[in-house]
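Here is the structure we will look at, set down as structure tokens.
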Amino acid sequence: MSDTPSPTSSPLFLPLREQSLLRHLSDGTPPDTPLEQAGLLVAMLCRRQRPPATQLQRLLHDACALFAADDGPAAQAQLAASAGQDARALEAWLGLLAAQDVLLAPDEVMEAVLAASPDAYPGADFQAACRITLEEHTIHFPATSLAEGDDEDADDGEQTSHATQHNGLFTSEQARVLRAIAANPDELIDLQAYAGTGKGHLVLALLQARPGRYTYVAPTRGQVEAFRARLPADAGTRLLTQIEFANAIARHAAANGLTGGFVPTYRQSTLTLREAAARLGLPAIGARRPDQVLMIALDAINRWCASSAPSLQAWHFQRSLGAAQLEATPFIAAAEFVWRCMFDPVVQKGGCLRLDAGHIGKWLALRAVPLPVSLGMVLVDEAHDLSPAWKQLLATHAPGVVSLGDPHQRLSGRVQRWSSAKTLEMHQSVRQGRQVDALVNQSLALDDLGEPAPFVGASDRATGLRRYDDWSAVPSTGARLYGSLWRMLLEANELVARGARVHLHPASRQALLKEVDGPIDAWRSAAAGGPGQRWESFVQVCAKRGQADIPALFAGGFDAAALQRLLGQLVDADEASVVLCLAQHAKNLQFATVSMAPCCFDSGHDARALHSPVRAAYVAITRAQQQLWLPGDAMEQLQLSAQRHDRAVDERRRQRRLASGYPPPRR
């Protein structure tokens, strides 16, 4: 789906600057010019309810004329207000106005209008000048040497495609990026763009401008199908998930004799760990059973595939072997054996071991398998999550690659930069208005990726920023995002009980199913008179986070049967009135209204959680189009969460050093 959403209505712009409104709130004085006085009068009216646009336009004109003729007293009488309010009051005003689809004019527009006509409202010309985010641009695509649909194995000589051009509405940043891609069709381009800046809009423009010249690769089936629905049925454009892309490269390599006859495509294991270890003939190592050795080997292989290391090293096993400081050499040998078995056609017959896109990419990179030229330029969405192996493969692709990503949306770890690429950036949102600029930039500043360039909201989009003191004040529609799995479960149960049509995001639902057996079993054991340590530990953790009502849910009878009843009452996304989702799973989503629970910001308590709470919050904040609700102390709590996360990372690093044989630091 294009991430340039169509607004539900055209916002009305008021001839009023933020600094003038803030001065009015702080000392009670009206603005100096009749034009801004009229803007303030209409702002006071629209805080409660927005009249029709034509009525407001007339009111702006008449009020401006009145204030200009009266030269002061009328403005003082009409605009009298109590003083002593601060920037938080300004934010509340802007949020209420944005909720009515009313915005203050951009400062650059106001400066020009005040210089030309401070005593008269310019009308339609003023409104048009404020809508400057998207403008008409023409993008020229030069002729290229590989015609659409040609295969690199064709022997009829070099083919040339015709030059084309594409017209559309783009921000100035989008137009600049499109021109760079069009002018460099065989280069590696690394586009780093903030959430909501229109990466999807760029991809759609490229696919429409020259279908067949590109292959688009996205992580999920939903992203691929969203683009497919926007293209003509006969476009002939290749749209692939990452798994389909990996399979296609593997088949191409096998067809060209580069894999020894085996086609290493994605597959799930059909065996348990114990059955797979027995089929492999994997021996025990010390006190570790064969199935435990296999589990350790697979975990190390996954870490190796996510790294740039050419071979398995001892540090790949630190997470599994822990601080026991076991000799890693036999485990390395076992993992190397398992790795060979993963790509053995005899062993893999019937699905012995799982192969995913990361495994396939590492295997192909170790063999330096080239990508087929017939793919054309490859457009990789969410490239911030690409493994080093896939980056190594893509970097050598002759027709070029466009890497579309946002390092702040990589929830754990750091993005490995391309070794050599033309780097482009986009900071101008087309999803959210300028009302959220400060909030987004505060979250970016808390990330550990250095000094970020500022995020800039669209001047013609109204995104009301609303602060709540109590969670019950947030809307009952739109999306509700959480930082706590248990808080999400509790509210899903309560909303369904009240008759709400609730949808649970698939990734969040999967995470819930993975974890919920723990407290259910712990309570059942404690209630039956068995060991109660697990239950007491769960209660203590919840109490520490101010979530004493969570244990009460399970102690009150929420068991496996209750969970199945709840899941059975959930509805599909297109039928739901409210969507529940963990903040870290909100990527690629957008909603008119987003409400972020306090636990989105008060997180980082769980040392096992690897994802950054700051990046998860950034992802969640940038989902809202029209209204964003968050607690009053959101950023203060997020800063504390970032500190807790940093301490947990340092502790895990210390444990890894101990496991590797490093002596503890002297104090």
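With contacts defined as side-chain heavy-atom distances shorter than 4.5 Å, the pair Leu298/Leu273 qualifies. Counting heavy atoms from C-beta outward, Arg509 and Leu570 have side chains that approach closer than 4.5 Å. Residues Arg414 and Asp448 meet the side-chain proximity criterion, which asks for heavy atoms closer than 4.5 Å. Counting heavy atoms from C-beta on, the side chains of Pro598 and Gln637 never come closer than 4.5 Å. Taking 4.5 Å as the limit, every side-chain heavy atom of Asn247 sits out of range of all side-chain heavy atoms of Val263. The shortest distance between side-chain heavy atoms of Pro407 and Gln192 falls below 4.5 Å. Taking 4.5 Å as the limit, some side-chain heavy atom of Tyr618 sits within range of a side-chain heavy atom of Tyr194. Residues Tyr482 and Ser508 fail the side-chain proximity criterion, which asks for heavy atoms closer than 4.5 Å.
Put simply, CG on Leu366 and CD on Gln392 are 7.5 Å apart, with the number rounded to the nearest 0.5 Å. The structure places NE2 of His384 at 11.0 Å from NE2 of His408, a figure rounded to the nearest 0.5 Å. Rounded to the nearest 0.5 Å, atoms CZ (Phe337) and CG (Leu294) are 10.0 Å apart. Rounding to the nearest 0.5 angstrom, the gap separating the OG atom in Ser595 from the OH atom in Tyr468 is 7.5 Å. With rounding to the nearest 0.5 Å, the separation of CZ in Arg623 from CG in Leu628 is 11.5 Å. Here the NE2 atom belonging to His505 is positioned 9.5 Å from the CG atom belonging to Leu582, to the nearest 0.5 angstrom.
A side-chain donor-acceptor contact under 3.5 Å links Asn441 to the backbone of Phe455. Judged by distance alone, with hydrogens and angles left aside, the side-chain atoms of Arg501 form a donor-acceptor pair with the main-chain N or O of Glu575 at under 3.5 Å. A donor-acceptor contact shorter than 3.5 Å is absent between the side chain of Glu382 and the backbone of Gln409. Of the possible polar contacts, none joining the Gln435 side chain to the Gly464 backbone as a donor-acceptor pair under 3.5 Å is found. Looking at Arg410, its side chain never comes within 3.5 Å of a backbone N or O of Gly405 through a donor-acceptor pair. Trp304 places a side-chain N or O within donor-acceptor distance of the main-chain N or O of Ala309, the cut-off being under 3.5 Å. At distances below 3.5 Å, not a single donor-acceptor pair connects side-chain atoms of Arg467 with backbone N or O atoms of Leu465. No donor-acceptor pair under 3.5 Å is formed between the side chain of Asp291 and the backbone N or O of Ala277. Between the side chain of Ser429 and the main chain of Thr197, no donor-acceptor pair closer than 3.5 Å is present. The backbone N or O of Val578 sits nowhere less than 3.5 Å from a side-chain atom of Arg480 that would complete a donor-acceptor pair.
For Gln510, the CD atom sits in a loose shell: 12 or fewer heavy atoms of surrounding residues, nucleotides or ligands are nearer than 6.0 Å. The 12-atom threshold is exceeded at CG of Asp572, counting heavy atoms of other residues, nucleotides or ligands nearer than 6.0 Å. Heavy-atom neighbours of Arg274 CZ from other residues, nucleotides or ligands within 6.0 Å: at or below the threshold of 12.
Taking both residues in full, the closest heavy atoms of Leu638 and Pro613 are given as CD1-O, 3.7 Å, listed atom of the first, atom of the second, then distance. The two residues Val293 and Pro283 come nearest to each other via the heavy atoms CG2-O, 3.9 Å. Contact record, Leu312 with Ala335: CD1-CB, 3.7 Å, taken as the closest heavy-atom pair. Closest of all the heavy-atom pairs between Val380 and Leu386 is CG1-CD1, 3.8 Å. Of all heavy-atom pairs spanning Thr593 and Pro475, the tightest one is CG2-CG, 3.9 Å. Nearest approach of Ser484 to Cys599, heavy atoms of both residues: N-SG, 3.6 Å.
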Contacts under 3.5 angstrom, residues 338-359 side chains, donor-acceptor by atom type, not counting sequence neighbours:
{"residue": "Asp344", "atom": "OD1", "partner": "Val346", "partner atom": "N", "Å": "2.8"}
{"residue": "Asp344", "atom": "OD1", "partner": "Val347", "partner atom": "N", "Å": "3.4"}
{"residue": "Gln348", "atom": "OE1", "partner": "Cys352", "partner atom": "N", "Å": "3.3"}
{"residue": "Gln348", "atom": "OE1", "partner": "Leu353", "partner atom": "N", "Å": "2.9"}
{"residue": "Gln348", "atom": "NE2", "partner": "Met342", "partner atom": "O", "Å": "2.9"}
{"residue": "Gln348", "atom": "NE2", "partner": "Leu353", "partner atom": "O", "Å": "3.0"}
{"residue": "Arg354", "atom": "NE", "partner": "Gln268", "partner atom": "OE1", "Å": "3.2"}
{"residue": "Arg354", "atom": "NH1", "partner": "Asp356", "partner atom": "OD2", "Å": "3.0"}
{"residue": "Asp356", "atom": "OD1", "partner": "Gly358", "partner atom": "N", "Å": "3.0"}
{"residue": "Asp356", "atom": "OD1", "partner": "His359", "partner atom": "N", "Å": "2.9"}
{"residue": "Asp356", "atom": "OD1", "partner": "His359", "partner atom": "ND1", "Å": "3.1"}
{"residue": "His359", "atom": "ND1", "partner": "Asp356", "partner atom": "N", "Å": "3.1"}
{"residue": "His359", "atom": "NE2", "partner": "Asn302", "partner atom": "OD1", "Å": "2.7"}

Residues 529-540 side chain polar contacts: donor-acceptor under 3.5 Å, at least two apart:
none

CA sep, side-chain torsions, deciding dist, call: Leu393, Ile249, side-chain contact (heavy atoms from CB on, under 4.5 Å):
CA-CA 10 Å; Leu393 286 169; Ile249 306 306; 5.5 Å; no
Trace of the salt bridge (charged side-chain N to carboxylate O under 4.0 Å, His left out) decision for Arg487 with Asp549
CA-CA 9 Å; Arg487 178 61 63 194; Asp549 50 347; 2.9 Å; yes
Evaluate the side chain to side chain donor-acceptor pair (under 3.5 Å) criterion for residues Glu491 and Trp471: first the C-alpha distance (whole Å), next the side-chain angles of each, then the deciding distance (0.1 Å), finally the verdict.
CA-CA 11 Å; Glu491 296 217 343; Trp471 180 242; 2.6 Å; yes
Going through the checks in order, is the side-chain contact (heavy atoms from CB on, under 4.5 Å) test met by Ser307 and Trp315?
CA-CA 11 Å; Ser307 75; Trp315 65 268; 3.8 Å; yes
Taking it one step at a time, do Asp602 and Leu640 satisfy side-chain contact (heavy atoms from CB on, under 4.5 Å)?
CA-CA 8 Å; Asp602 180 19; Leu640 295 175; over 6 Å; no
Apply the test side-chain contact (heavy atoms from CB on, under 4.5 Å) to residues Leu630 and Phe601: give CA-CA distance (whole Å), side-chain angles for both, the deciding distance (0.1 Å), then the verdict.
CA-CA 9 Å; Leu630 67 164; Phe601 303 95; 4.0 Å; yes
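Classification of Lys587 and Asp385 as a salt-bridged pair holds, one side-chain N sitting under 4.0 Å from a carboxylate O. Electrostatic pairing of Arg615 and Asp447 counts as a salt bridge here, judged by a charged N lying under 4.0 Å from a carboxylate O.
Partners of Arg524 by side-chain hydrogen bond (donor to acceptor under 3.5 Å, both in side chains), not counting sequence neighbours, listed by chain and number: Asp521.
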